[in-house]
Amino acid sequence: QVHLVETGGGLVQPGGSLRLSCAASGSIRSVSTMGWYRQAPGKQRDLVATITSGGSINYADSVKARFTISRDNAKNTVYLQMNSLNPEDTAVYYCRADDRYGAYWGRGAQVTVSS
């Protein structure tokens with residue numbers, strides 16, 4: 001089992017920045033890909049960004065050039081730096097970790113972009 005805890009959500013004005021963190025604990029040695037997904041009210045959960053243990057990164061088109069995912073393997077933590085936020089980025093952001101047994105999810109962090 002892998003346990004994930006997200007921190008760093010909150011309220012920010014349009015054009016502002018936030019950084020999300022996701023700390024992993026438990027059986028983390030087999031974790032390969034970690035990533036961030038988001039779910040806005042009434043919508044499905046969508047991929048935001050993923051990063052493999054080797055450092056390969058994938059972004060959703062809607063966040064490219066604005067968001068940056070990074071990973072500190074020594075701290076078992078993945079980060080999402082979000083810049084130039086707009087109201088369409090408002091959602092609950094979930095951390096996900098994959099290993100050979102399946103996928104694990106955090107409980108989510110609310111990000112609200114509003115003036």
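Side chains are part of it too, since the values below use all heavy atoms of this structure and drop only hydrogens, waters and symmetry mates.
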Return each pair, listed once, that meets disulfide bond (SG atoms under 2.5 Å apart) where at least one residue sits in [range]; pairs must be two or more places apart or across chains.
range: residues 50-115; result: C22-C95
range: residues 30-61; result: none
range: residues 46-88; result: none

Any non-hydrogen side-chain atom of [X] less than 4.5 Å from a side-chain atom of [Y]?
X: N58; Y: L47; result: yes
X: E6; Y: L20; result: no
X: L4; Y: M34; result: yes

Item to check | Atom of A24, atom of V2 and distance for their closest heavy-atom approach | outcome: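 Minimum heavy-atom separation between A24 and V2: CB-CG1, 4.4 Å.
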Going by side chain to side chain contact (heavy atoms under 4.5 Å, CB included), name the residues that satisfy it together with [X], two or more places apart in sequence or in a different chain.
X: S84; value: R66
X: P87; value: P14, V113
X: K64; value: Y59, D61

Checklist entry - Could you state the interatomic distance from CD (Q81) to CZ (F67), rounded to the nearest 0.5 Å? => result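 One finds 9.5 Å between CD of Q81 and CZ of F67.
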Hey, quick one: are [X] and [Y] part of the same hydrophobic cluster, counting side-chain heavy atoms closer than 4.5 Å, chains of contacts allowed?
X: V63; Y: V12; value: yes
X: I57; Y: Y93; value: yes
X: I51; Y: Y94; value: no
X: Y37; Y: V111; value: no

Would you list the pairs meeting side chain to side chain donor-acceptor pair (under 3.5 Å) in which at least one residue belongs to [range], sequence neighbours left out?
range: residues 103-115; result: D99-Y104, Q110-T112
range: residues 13-23; result: S17-N83
range: residues 70-80; result: R71-N73

Checklist entry - Can you list every ring-ring contact (aromatic ring centres under 6.0 Å, His included) pair that touches residues 7-26, not counting sequence neighbours? => result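 Passing the test, one end in residues 7-26: no pairs.
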Checklist entry - Do any pairs count as a salt bridge (charged side-chain N to carboxylate O under 4.0 Å, His left out) and have a residue in residues 36-58, sequence neighbours left out, and if so which ones? => result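 Sorted result for residues 36-58: R38-D89.
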